[in-house]
Each structure stands twice: as structure tokens, then as C-alpha cells.
Amino acid sequence: MSVQARDIAIVAFHQSDCQASAGATNEVELIMPEIRAVMDQVGLRNAQDVDFVCSGSCDYLQGAAFAFVAGVDALGAVPPIRESHVEMDAAWALYESVLKIRMGHADSALIYGFAKSSPGELPIVLSQQLDPYYLAPLWVDTVSLAALQARLMLDAGKITEADMAAVVSRSRHNAMNNPHAQLAGEVSVESLLAQQHFVSPLRRHDCCPVSDGASAMIIATVEQAKAWGKPYAILRGIDHRIESHNLCTRDLTESPSTRRAAEAAGVADGAVDVAELYAPFSHQEIILSRALGLGEGTSVNPSGGVLAGNLMMASGLSRVGEVFQRIVSGEARRGVAHATSGPCLQHNLVAVVEAA
Amino acid sequence: MSPTEVLSEAFELGFTYTRSTGPVVGRFLTGLRDRRIEGVRASDGRVMVPPMEYDPDTAAALDDFVEVGQQGEIVSWCWVSEPRKAHPLQQPFAWAMIRLDGADVPMIHCVSAASEDQLATGARVQVRWAEETRGHIADIACFELAEVAQ
Amino acid sequence: MAQLAAVIGTGQTRYKTKRGDVSIAGLLREAAVNALEDAGLGFEDIDAVVIGKAPDMFEGVIMPECYLADALGANGKPMLRVHTAGSVGGSTALVAASHVQSGTFKRVLTVTYEKQSESNAMWALSTPQPFAVHLNAGAGGYFAPIIREYMRRSKAPYDVGIKVAVKDRLHGARNPLAHLQKPDITMAEVEESMMLWDPLRLLEACPSSDGACAMVIAAEDAVDSSAKPPAWIRGGAMRSEPTMYAGREEVNPRAGRDCAADVYAQAGIRDPRRELDVAEIYVPFSWYEPMWLENLGFAEEGQGWRLTMEGATSLDEQGDIPWNPSGGVLSSNPIGASGMIRFAEAARQVRGDAGDHQVAGAKLAMGHAYGGGAQFFSMWIVGADKP
Amino acid sequence: MSDAREPVTGIEAPVYLQYQFTAGRAPSRFLSALKQGRLTGQRCPGCSQVYIPPRGACPACGIATEEEVTLSNKATVQSFTIVYIPIPGNPIKPPYIVANLVPDGANISFIHLLSECVNEEVHIGQRVEAVWKPEAEWDYKMDNILYYKPLEEPDVPVEMIGKLGVDGLEGKQS
């Protein structure tokens with residue numbers, strides 16, 4: 001769906017560095033600097049100055065129930081605030097916040113996502129989101145599932161291993177301009193292809209790293225954004241769709257849910273200058289670019305994308321934030337952000353961001 | 001912030017969940033215990049193994065069971081050169097999507113093979129049953145390359 | 001501004017210690033199908049699906065919307081998972097409502113659940129962490145000291161909690177879905193039940209249940225599919241505050257008071273006791289009835305227990321403001337669903353759909369949920385009359 | 001599942017995951033002080049309230065806390081429960097008292113055991129004192145303090161609970 005009734009402005013965004021381990025930093029300590037940063041961008045005190053707060057996190061990543069409850073300690077929630085939480089990437093917290101503003105119950109919202117994924121064995125932890133009777137008991141890890149998907153692509157002739165390496169090479173190159181990236185540098189396709197397979201046909205560099213960190217965003221009605229007097233971008237459309245949990249009934253070489261979300265969000269209504277795609281594996285960036293109908297004119301993952309650093313539960317929100325930043329800086333007029341959840345791109349969110 | 005020691009400690013988050021299966025999953029697992037593999041026919045006629053409880057397209061409850069073969073064909077696969085502790089096999093092995101004979105939708109399970117170059121998309125594999133079957137997905141210990149070429 | 005929205009279908013499972021006959025998906029499915037049938041709709045009529053539950057550790061399925069998409073007919077649709085601790089059932093209903101009230105969708109299916117028999121609630125609510133002291137003796141251990149402080153302040157007689165425990169179980173005996181069925185329960189039986197967390201006895205605490213609750217929420221122009229009248233959403237509010245902060249009022253939390261004030265303002269309610277016909281309030285431990293009577297403005301501070309003792313909240317005593325005619329959380333507690341059950345039961349009352357626990361002529365009802373250390377609140381008011 | 005003719009209706013699913021937990025900065029400082037036999041809190045630079053255990057932020061103000069404050073071994077009972085059921089994985093035998101205690105110098109309660117007391121005589125406002133393990137056994141753990149025990153001191157008036165300075169009722173208010 002596109003935003004008809006009330007246009008929504010993205011006013012501020014910040015994300016932490018993608019760190020292989022945040023070490024002695026707890027959830028509150030991870031979140032607080034990001035919230036402070038977006039508050040400062042707008043000139044607000046704390047969560048009291050927005051109408052709604054929504055966060056995204058996942059207890060199992062760090063292995064403690066109610067991680068999000070600790071997050072509330074970072075907000076200054078006295079007196080009490082209007083606040084909610086999704087056990088999903090914070091891009092879905094953005095979605096919930098958009099609905100709140102559209103229905104007139106809020107004129108502004110703070111959104112944040114955070115995770116410490118490093119304490120556990122992430123691909124194994126995430127195996128427990130699979131079918132609890134048929135797959136989770138086998139501990140099929142997420143890297144292996146992505147590898148099955150990549151093989152389907154290769155066998156179908158839809159990509160080559162060189163195409164995958166080219167995605168990684170561009171990611172690392174782009175990430176050199178991203179101060180928050182974990183992996184950056186000039187690497188040639190040839191040198192990447194010379195590396196051994198990890199979970200064949202994937203090489204290690206085809207898989208995103210595990211990162212700890214957080215990101216935060218402030219959105220508002222356009223009227224509120226104007227009143228704040230800060231540069232903003234318009235969130236023109238946002239939609240998300242899920243697919244079957246049975247990986248084998250899905251056509252894993254395509255992403256019909258992304259295609260559908262893109263139609264509903266209005267991706268094709270104009271030229272796309274920039275796209276930030278949540279592709280944790282190199283071949284998935286190609287699937288997503290195709291599903292979104294992106295062409296030569298689009299700069300894909302100028303931040304390096306999540307192959308350069310993947311803040312679980314925040315990377316989706318960060319994709320929207322990256323596009324926002326490029327639009328307010330004047331680098332782009334119109335962009336697309338994408339977030340994903342579940343194995344092999346099961347659940348996809350697409351947002352269209354435009355210059356005001 | 002004054003310098004502090006980094007306090008770090010390993011811990012285990014664990015529980016042995018007691019899952020009730022419901023009739024569809026239960027029937028499949030009962031079949032495995034008896035060394036039979038049953039799928040279910042979806043609304044569009046496709047046979048899905050393991051059986052889904054609900055149709056992915058129409059959301060209809062499914063109960064038209066079909067027994068399928070114990071051999072099949074690899075539709076996709078990946079080679080795990082460094083098995084993780086949690087994995088069912090500790091020697092290098094493959095995860096694969098396997099379309100069993102008589103089924104339309106593949107299933108995901110592990111394949112035991114001596115080396116990566118023995119495997120290929122389209123290769124024929126067969127079930128290796130666990131020594132003791134108990135009504136669990138791991139009653140299929142793994143798949144292995146089929147002995148008789150078809 | 002907010003579009004009108006109404007509940008046009010509710011569906012629940014039978015609540016039990018263990019629903020050994022269904023999978024996790026099967027449990028949700030049962031509630032979802034019941035809600036759709038009640039709404040006169042099928043899965044194909046639904047635009048979006050919103051689910052909610054308490055921590056994933058209860059069932060050990062991470063981000064379960066991934067696995068549940070097929071069972072709820074969500075493929076190709078938006079699907080969202082809410083988690084706000086014990087208030088999640090209520091906040092999930094509000095998030096689902098926002099899908100319609102924002103003008104974005106026509107018909108939304110929302111489902112909450114807990115299959116607590118797959119693990120152990122005490123474990124799942126306080127999993128061990130290094131360097132921490134493990135003194136968390138479950139939710140009752142957390143709330144008992146707060147109840148003790150209420151008793152000190154209000155000078156309430158010791159047996160107020162016992163009265164609530166009896167009253168809600170007698171209500172539950174009217175509700176065929178309720179987990180605990182105790183039509184012959186007495187004050188003596190509750191008083192003699194084992195002391196768990198002094199001053200809380202076994203029968204003053206909620207059970208641990210398997211179950212799911214679902215609703216279909218529709219836009220103003222899509223309410224006619226159901227044979228029953230719609231329950232119009234007249235207001236919805238959420239509030240959160242930190243678990244601990246200096247000077248925090250734990251007995252009568254400000255987040256609850258503010259949330260109630262917000263939802264009453266939306267519904268145009270000044271005196272909840274007089275204007276509301278019935279309330280379904282999250283009372284997992286008996287004493288929380290008098291405490292919430294005060295927190296929600298049904299009684300002056302320190303006086304809530306008098307309403308309870310006078311029978312004002314009892315169906316069987318023809319009270320003027322029945323609380324929890326369904327039997328409440330004290331009769332059934334699948335944690336993630338418990339809040340939504342309150343919201344759905346409020347809707348059932350104003351639709352005249354509550355069977356033997358119907359409050360005669362109910363037109364305006366409140367649903368309430370709380371969670372964490374009584375720090376997360378969600379509430380709604382539903383009415384028979386279109387606003 | 002012993003009878004092979006009975007259909008399968010359930011499975012056991014052992015889900016055991018390994019994590020390496022690292023305490024946050026503020027908790028690490030708190031635990032380090034505990035190892036030295038000191039109970040510490042952190043003061044909020046905004047509202048001046050002292051928090052224990054410190055988590056690195058003042059939850060009310062939402063700002064980082066930095067200033068470390070050494071707290072007293074004496075505390076006041078804010079409230080309590082007598083628990084009659086065992087805690088999973090804990091050797092304490094019921095019935096035992098879990099109390100919400102405010103150490104002198106702090107403005108918030110934390111939970112700990114109360115012992116060496118007559119359960120029926122424990123009350124809100126009661127003065128108590130920490131009983132530490134022998135120094136040789138001190139570790140980065142809250143249970144360096146075995147439990148609290150009653151003190152022969154006058155009760156703290158309820159409205160003063162959570163407002164005592166580090167010198168207790170006799171000292172000045174924080």
C-alpha cells in the first residue's frame with residue numbers, strides 16, 4: 001500500500017558500528033548512544049518528546065528472555081510512554097509505527113532495533129525458527145539453507161559463482177566509505193573465486209558476518225517534521241509479505257513476496273536511484289534486485305549492505321536509514337529499502353523513500 | 001568510564017520441550033517409526049513430504065495421505081565441510097533437497113557421502129534408517145547414494 | 001484520523017493444562033478458524049495477519065510467525081509478530097486494530113497463543129544468566145511483595161484475595177472454555193490451599209494453560225459478514241514504564257493510570273464503574289482485582305477491596321460492574337493469549353455472545369492486559385453502539 | 001511410545017544452545033566491587049537517584065550513569081514474600097524469605113534472601129544487614145552476600161524507605 005492519508009517523514013537515523021563482538025556492552029549500553037544520536041539530530045530530549053516508540057529485538061540471539069524490557073531503561077520512560085515491541089527486525093517496528101501515525105494516534109515515533117548476536121552460534125540458533133517437528137530437530141543451519149538456494153540458482157543458470165563474487169567485491173568496495181562497516185576493502189572477483197568453499201557452493205565471503213549493534217530512527221508527520229525544521233525524506237510507501245514456511249514449496253530462485261511488497265509499496269512508480277537490500281548472502285542480492293525490477297540506473301547497496309556488517313534485528317531498519325541519509329544529503333532523489341526475515345528470504349519488507 | 005575487567009562466562013540455555021504433534025505430523029512420524037514414508041496431497045494435487053498440515057496456497061487443512069518411495073533424486077545440495085556440533089553427522093556431509101519417488105515437493109535432510117565430488121544435482125539417494133526408529137524425523141538417519149542406478 | 005473498526009469475529013480454543021492433541025500450528029488454527037467462522041469469512045478474505053505471544057522460550061520456536069504462516073493462511077500477505085511481555089495479548093489486538101484504523105486494510109486476523117505445556121513457565125520466564133542471583137521464584141514471587149504492600153496500605157481484610165479467587169472460579173464455571181472448572185469452590189477451599197508465596201495461596205494464582213485466542217477486526221464498510229452485531233472499538237491505549245526506577249509506584253503504577261485515562265478519554269468515559277457494563281481485567285493473582293479496581297478508577301485509592309467484598313464485581317451476586325465474567329486469568333492462563341482473551345471477551349459481551357457468562361444488556365465493555373513488572377499496559381473499550 | 005501399535009502423538013525436542021555471556025560495563029564494575037566486598041550503586045547525573053544494581057542508565061531519565069557510590073551493608077525491608085516452593089536449580093529449602101531491600105545510600109530496592117529471622121516477625125520497614133561469605137570465597141557474584149539478617153534498630157517509617165543516605169536513618173537523607 002502507499003501512504004495516502006498522511007505522508008510520513010523520516011527525520012533522523014543513526015546506527016552503531018558493526019562489531020564482531022560488542023564485548024562488555026549490554027543492551028541498554030548498546031541502544032543508548034543510538035537513541036541519543038537521533039534525538040540530537042532532531043533536537044529532542046528523550047522518548048518523552050515523541051508520541052510513540054517501537055523496537056525490534058530477538059531474545060534468543062543473546063539467550064535471555066525479555067531483552068526488550070531492558071531496552072525500555074534507555075528511553076527515559078518516566079512519565080510512562082506509548083511503547084510497543086516486535087520480535088522481528090526493527091523495519092517491522094517502523095511498519096507498526098507508520099500505522100500508528102496514519103491512524104492519527106501519533107504524530108511522531110522513535111524506532112530502534114538491537115542485538116548482540118555474537119554470544120551464541122547464530123546459524124544454529126536460527127535453525128530453531130524452522131518447522132519444529134521436521135527441520136529444527138535436525139539443526140539445519142541458515143548458512144546451509146542459503147547454500148541450497150544458491151545451488152538452485154546456479155543449476156538453473158540464473159547466476160554464476162562469478163556473479164556472486166562480483167556482489168561481494170562491490171560490497172567490500174562500497175563499504176570503504178561506510179564508517180560503520182565491519183568488512184571493507186578492495187577485493188577482486190578473481191581473488192574471491194580463488195577462495196575455498198565454506199558450505200559449498202557458498203564461500204565464507206558470500207555470507208554476511210555476525211555483528212553486534214543497534215540502530216535508531218525518528219519518523220513524523222510532514223507537518224511535525226516541518227515544525228522541527230530539520231531535513232527530512234518522505235516515506236512514500238511501505239509493505240511486507242510472507243511466504244510458506246516449507247522451503248521446498250517455494251521457488252527459492254525468485255522472491256515473489258518481495259515482488260508483491262514492491263508493487264504495493266509503489267517501487268515502479270518512479271526511477272530508483274539507490275537501493276539498500278537486506279541480502280545476508282551474495283546470491284540473495286541478485287534475487288532481490290530482480291524481484292524489485294532494479295536496473296542499471298540504480299546504485300545497489302552503496303553502504304556495502306549487510307555483507308559488510310549485519311546488525312540482526314536492526315539491519316532492516318538500517319537499510320531504510322541508509323536510503324534516507326542518501327536522500328537528505330542530495331545524493332539520490334528516490335530510493336528503495338528492503339528488509340528480510342526468516343530463512344532464504346521468507347518474509348520481505350519494501351519501503352520507498354523520496355526527496356521531500 | 002573507569003577501566004573494568006571484562007567478565008565473561010559460558011552458559012547453556014536449554015530445555016527438553018515436549019511437543020504434541022497433532023494428527024498430520026503424528027501420522028508421518030508414526031510412519032517413520034514403521035519405516036514407511038507418507039506424504040500428503042496438497043489442494044493442487046502435488047504430493048508433499050513431509051506432509052504439511054495446511055495447504056500453502058489455499059490454507060486448507062490437508063489429510064489425503066500418500067505413501068511414497070524411499071529413494072529419490074537430489075534437487076539441490078550443499079556440502080558441509082566443517083560440521084557443526086549440533087549437526088546430525090559429524091563427518092563432512094551434505095544437506096539436500098530430495099524429491100522422493102512419488103512425491104512432487106522435495107524434503108530437506110542430510111546425505112552421507114565420502115566426499116563432495118560423489119554428489120551432484122539429480123543424483124539418486126535412498127533412506128538409511130536409524131538402527132532404532134522411535135517416531136522422530138531422525139528415524140531417517142540420513143540419505144545415502146542409491147546402490148542401484150535406475 | 002482513525003477509521004472506525006470493529007470486532008466481527010472471535011474464536012478461542014478450550015483451555016487446558018496440555019492440549020496434547022494438536023501441534024503448535026494446530027492450536028492457533030483452531031482459534032483462527034473459530035474466529036473466521038464467527039465473522040462469516042474464510043482465510044481468503046483476510047488482508048493481513050498479526051500474531052502475538054510471550055517469550056519464544058516457552059515453545060522454543062524462534063520468531064514463530066515464520067513457521068505459522070501457512071496455518072494462518074498468511075502466505076502472500078503481511079504478517080506481524082508482537083511481543084510486549086504479559087500485555088502482549090492486548091497490544092497485539094491494538095496493533096491488529098491499527099491495521100484497519102489506519103485505513104490500510106479491510107479485514108485483519110489476529111491470533112495470540114501459548115502452548116505452555118511444551119516447557120515450564122517458571123523456567124521460560126526467568127532463564128538463568130551468569131553473574132545473576134537466581135531468586136526469581138516465578139511471577140508470584142515477584143508480585144507477592146507488592147500485594148503485601150497493598151494490604152498494608154489499604155488495611156484490607158486478609159480474605160479479599162480469597163473472595164476474588166472464588167468469584168472468578170464461579171464465573172469460570174459458567175464458561176465452557178475455561179481451564180479450571182470449579183463450580184463448587186468455597187472460601188474455605190481457597191484458604192486451605194497451599195501457601196505458595198505468602199500472602200498468595202495456590203488457588204489465588206492463575207493456572208498454566210495451553211490455548212489460543214483469535215479475532216477478526218474489520219473496517220466500517222466490512223462489518224456485515226457476521227451474523228452477530230459488531231463490537232465497535234471505542235478506544236485503545238498502551239503505556240510502558242521501566243521495571244524499576246527510584247520512587248516508582250509499584251502498587252498503583254502510573255502507566256496503568258495513564259493508560260486508563262487515555263482510553264476513557266477516547267471513549268468519552270468519565271466514571272468507569274457507572275458507564276461501563278462489564279470489564280475483563282488481567283488478574284493473574286487474586287489481589288490484583290482490588291488493586292486494579294483502584295488503578296483503573298473504579299474505586300478510590302484504598303477502597304477497591306470494598307467493591308470486591310460487596311460483590312460489585314460478581315455476576316453471581318448481581319454486582320453492578322462484573323469483572324471477568326469469563327473466569328479471567330485466574331481460570332485460564334495461556335500467557336501470550338491471556339490479554340487477547342480479555343479483549344475478545346469484552347467484545348463478546350457487547351455482541352451479546354457470551355453465553356452463560358453474559359452480562360445482561362451489556363453495551364460498553366473494557367478489555368485490559370498488563371505485563372512485565374506491571375509496567376506494560378494495553379486496554380481497549382468496545383461498544384455495541386457505533387461511535 | 002513403547003507399544004508400537006499406538007500412533008505417535010508427541011516428540012521430545014531438546015533445544016540446548018550455548019552462549020558466551022559478557023556482562024555490560026556498569027554491571028562489570030558492580031561485580032568487580034562485589035568481589036572486593038563492596039556493594040555499589042550508580043548515581044544518575046539528572047535526578048541524583050542512586051541505582052542498584054547499576055545497569056548503565058537511569059531508567060527514569062534514560063541517560064547514562066557514571067558516578068559510582070559505595071552503599072551501606074545496612075538496608076531496609078521495602079516488602080517481602082515468604083516462599084513455600086523451591087526455586088528451580090537453587091538449593092535453598094522452603095519456606096524462605098525473599099525481600100525487596102533498599103540498601104542505605106540507594107534509592108531503589110533489589111531482591112535478596114532474608115535469614116536468621118523469625119519469618120512471622122519480618123515486616124515492612126525492618127532494618128537488616130548483609131551477611132557476607134568469608135572473604136576467600138568472594139567472586140564476581142551477588143551471592144557473595146549470603147543473605148540479610150535483622151538488625152536491632154528502630155523501623156524506618158514507610159515514607160522514608162528508599163530515601164535514606166548511606167549513614168542510615170541517623171545520617172542525612174540522600
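Given the structure is predicted, the values throughout are model-derived calculations rather than measurements. Sequence lines set the chain letters: A, B, ... in the order given, protein chains first and strands last, and positions in each chain run from 1.
- Here S91(C) contributes atom OG and H85(A) contributes atom NE2; the two are 11.0 Å apart, rounded to the nearest 0.5 Å.
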Practice task
Check the pair F376(C), E83(A) against side-chain contact (heavy atoms from CB on, under 4.5 Å), reporting the backbone distance first and the verdict last.
Solution key: CA-CA 8 Å; F376(C) 301 116; E83(A) 188 262 352; 3.7 Å; yes
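- Across all their heavy atoms, I242(A) and C66(C) have their closest contact at CD1-CA, 4.3 Å.
- Once rounded to the nearest 0.5 Å, the distance linking OG of S98(C) with CE of M103(A) reads 6.0 Å.
- Smallest separation of non-hydrogen atoms from Q129(C) and G63(A): NE2-O, 3.6 Å.
- Only the side chain of F68(A) comes within contact range of chain C, with at least one heavy atom under 4.5 Å from a heavy atom of that chain.
- Both the backbone and the side chain of V125(A) have a heavy atom closer than 4.5 Å to some heavy atom of chain C.
- Using a 4.5 Å cut-off between heavy atoms, N348(A) makes no contact with chain C at all.
- The distance from atom CD of Q101(C) to atom NZ of K100(A), rounded to the nearest 0.5 Å, is 8.0 Å.
- Between the side chain of D70(C) and the backbone N or O of H245(A) there is at least one donor-acceptor pair closer than 3.5 Å.
- Among V72(A), V78(A), D73(A), the residue making the largest number of heavy-atom pairs under 4.5 Å with chain C is V78(A).
- Here the closest heavy-atom approach between residue R260(A) and residue G76(C) is recorded as NE-O, 3.5 Å.
- Contacts between F52(A) and chain C at a heavy-atom distance below 4.5 Å are absent for every atom of the residue.
- Heavy-atom pairs under 4.5 Å with chain C peak, among L61(A), L130(A), I81(A), at I81(A).
- By number of non-hydrogen pairs under 4.5 angstrom with chain A, the leading residue of V82(C), D258(C), L80(C) is L80(C).
- Exactly one of M313(A), H347(A), M88(A) qualifies for a side chain to side chain contact (heavy atoms under 4.5 Å, CB included) with M63(C). That residue is M313(A).
- Heavy atoms of Q128(A) lying under 4.5 Å from chain C belong to its backbone as well as its side chain.
- Most heavy-atom pairs under 4.5 Å with chain A, from the set A85(C), G52(C), A74(C): that is A85(C).
- Residues D131(A) and Y67(C) share a closest heavy-atom pair of CA-CD1, 4.1 Å.
- A donor-acceptor pair under 3.5 Å is absent between the side-chain atoms of Q129(A) and the main chain of P64(C), judged by distance alone.
- In this structure, D262(C) and R82(A) approach most closely via the heavy-atom pair OD2-NH2, 3.4 Å.
- M79(C) CE to R241(A) CZ: the interatomic distance, rounded to the nearest 0.5 Å, is 13.5 Å.
- Closest approach of S23(C) and Y133(A) over heavy atoms only: CB-OH, 3.3 Å.
- A tilted orientation is assigned to the rings of H83(C) and F66(A), their planes being inclined by 30° to 60°.
- Using a 4.5 Å cut-off between heavy atoms, A71(C) does not touch chain A at all.
- Ranked by non-hydrogen atom pairs under 4.5 Å with chain A, the options N75(C), I62(C), I24(C) are led by I62(C).
- Per-residue counts of heavy-atom pairs under 4.5 Å with chain A were compared for A255(C), A237(C), S87(C); the largest is that of A255(C).
- For a residue to count as touching a neighbouring chain, one of its non-hydrogen atoms must lie under 4.5 Å from one of that chain's; by this rule S257(A) does not touch chain C.
- With a 4.5 Å cut-off on non-hydrogen atoms, P79(A) touches chain C through its backbone and its side chain both.
- Of the listed residues (G56(A), S244(A), G342(A)), the one with the most heavy-atom contacts under 4.5 Å to chain C is S244(A).
- Of the listed residues (Q266(C), M244(C), R239(C), E59(C)), the greatest number of heavy-atom pairs within a distance under 4.5 Å of chain A belongs to R239(C).
- Proximity to chain C (any heavy atom under 4.5 Å) is shown, for A64(A), by both the backbone and the side chain.
- Between chain A and the options Q375(C), M57(C), E241(C), R257(C), the largest number of non-hydrogen pairs under 4.5 Å is found for M57(C).
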